[in-house]
Every structure is written in C-alpha cells, then in structure tokens.
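All values reported here derive from a predicted model rather than from experimental measurement.
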Amino acid sequence: MTSDLRAAWSDVRMVFLDRDGVLNEKAPEGEYVWRWEDFRVLEGVPEAIAWLNRAGMRVVVVTNQRGVALGRYTLDDVKALHAEFQKLLAAHGARIDAFYVCPHDKDDCNCRKPLPGMFAQAKADFPEILAQTSVMIGDSAVDVE
C-alpha cells in the first residue's frame with residue numbers, strides 16, 4: 001500500500017460495506033440473493049475484510065433487502081445467509097462486526113439506503129463511531145449518499 005493511501009485510511013475507525021455488488025455478485029434486476037448456495041463471494045473480499053480487521057477498524061454490512069417486504073424470503077433467511085458468510089470469513093481470519101438489514105419496501109421506513117437509519121442503528125451499537133471517521137463502500141451512488 002502506498003504511503004498516501006495508508007495516510008488516507010489512518011483516521012478510519014468504521015467501514016460500512018454494502019452487500020450485493022460489493023461482497024458478493026449482484027443478482028440480475030428483479031432477483032434477490034438470499035440463499036447461501038446463490039451467494040457468490042467476490043474475489044479478494046475475505047482477505048480485504050481481514051486486512052480491515054487487522055488494521056483495527058470495525059466492519060459492518062448495511063444492506064437493503066426489499067425481497068423480505070415483497071415476501072420472496074424472510075429475515076431469518078437473510079440471517080442464515082449472513083451466518084454462513086461469517087463462517088467463510090472466519091476461515092480466512094476475518095469477521096463482520098455487525099449486519100444491519102433494511103427489510104422494508106421503498107418509502108416505508110427511515111433505514112433504507114440512502115436514509116440514515118442503519119447508520120443510527122450502528123451508532124447505537126457502537127457509540128464511539130463518528131461520521132468523520134467512517135467510510136461507506138458501495139456499488140451505487142445511493143449506497144454512498
């Protein structure tokens with residue numbers, strides 16, 4: 001890692017990661033990834049998360065899961081998938097500190113990205129985090145908003 005990049009990350013304490021398209025292959029439009037057998041982890045993800053963990057950063061996932069609101073799968077299905085992902089990460093010396101899921105349909109809550117609800121949930125669980133020392137990594141402008 002270059003010294004400029006190292007310096008840019010030196011103040012980061014919390015990394016928020018979108019799930020679909022960042023950690024795993026995104027499903028085609030109108031489809032959803034909710035079963036472990038359909039969860040295709042992107043190359044380098046476990047190693048990158050392990051690096052963030054070793055650097056002392058908290059790593060959390062924030063994911064919109066509209067399919068729950070549409071009745072395509074349940075919140076328990078999402079939790080089971082995340083538990084399997086944690087097992088895979090553990091085999092690489094990595095972990096996610098928390099998963100925050102918005103199971104609502106559009107315009108039904110304050111937690112669906114880009115709204116701040118999942119950040120507020122993380123702040124309640126990790127009161128030491130600050131927006132100034134956090135980064136959001138997503139695959140769309142909505143994620144980062």
Just checking, is any N or O donor in the side chain of Tyr32 or Asp38 under 3.5 Å from an acceptor N or O on the other one? no
Heavy-atom pair with the smallest gap, counting every atom of [X] and [Y]:
{"X": "Ala122", "Y": "Phe16", "answer": "CB-CE2, 3.7 Å"}
{"X": "Leu70", "Y": "Asp105", "answer": "CD2-OD2, 3.9 Å"}
{"X": "Gly93", "Y": "Asn53", "answer": "O-OD1, 4.3 Å"}

Is there side-chain contact between [X] and [Y], with at least one heavy-atom pair below 4.5 Å?
{"X": "Val101", "Y": "Met118", "result": "no"}
{"X": "Phe119", "Y": "Ile129", "result": "yes"}
{"X": "Leu81", "Y": "Arg35", "result": "no"}
{"X": "Glu25", "Y": "Leu42", "result": "yes"}
{"X": "Ser134", "Y": "Val12", "result": "no"}
{"X": "Val78", "Y": "Thr74", "result": "no"}
{"X": "Val33", "Y": "Arg19", "result": "yes"}
{"X": "Phe126", "Y": "Val60", "result": "yes"}

Residues in ring pair (Phe, Tyr, Trp, His ring centres under 6.0 Å) with Phe39, at least two apart? Trp36, Phe85
Kindly write out the residues that satisfy ring pair (Phe, Tyr, Trp, His ring centres under 6.0 Å) with Phe99, not counting sequence neighbours, or none if the list is empty. His82
Answer yes or no: does atom CD of Glu128 have more than 12 heavy-atom neighbours from other residues, nucleotides or ligands under 6.0 Å? yes
Basic-acidic side-chain contact under 4.0 Å: Lys26, Asp20: no
Flag the pair Asp11 and Arg13 as a salt bridge only when some basic side-chain nitrogen lies within less than 4.0 angstrom of an acidic carboxylate oxygen. no
Joint cluster assignment, [X] & [Y], ILVMFWY side-chain distance < 4.5 Å:
{"X": "Leu23", "Y": "Met57", "value": "yes"}
{"X": "Leu88", "Y": "Val22", "value": "yes"}
{"X": "Leu130", "Y": "Tyr100", "value": "no"}

If only atom types and distance count, is the side chain of Arg72 paired as donor or acceptor with the main-chain N or O of Ala69 below 3.5 Å? no
How long is the straight-line distance from [atom2] of [Y] back to [atom1] of [X], given to the nearest 0.5 Å?
{"X": "Ile96", "Y": "Leu17", "atom1": "CD1", "atom2": "CG", "result": "6.0 Å"}
{"X": "Leu52", "Y": "Arg95", "atom1": "CG", "atom2": "CZ", "result": "10.0 Å"}
{"X": "Met14", "Y": "Asp97", "atom1": "CE", "atom2": "CG", "result": "7.0 Å"}
{"X": "Lys87", "Y": "Leu89", "atom1": "NZ", "atom2": "CG", "result": "12.5 Å"}
{"X": "Asp125", "Y": "Arg58", "atom1": "CG", "atom2": "CZ", "result": "9.5 Å"}

With a cut-off of 3.5 Å and sequence neighbours excluded, list every side-chain donor-acceptor pair involving residues 106-113.
residue	atom	partner	partner atom	Å
Lys113	NZ	Asp18	OD1	2.5
Lys113	NZ	Val62	O	3.3
Lys113	NZ	Asp143	OD1	2.9

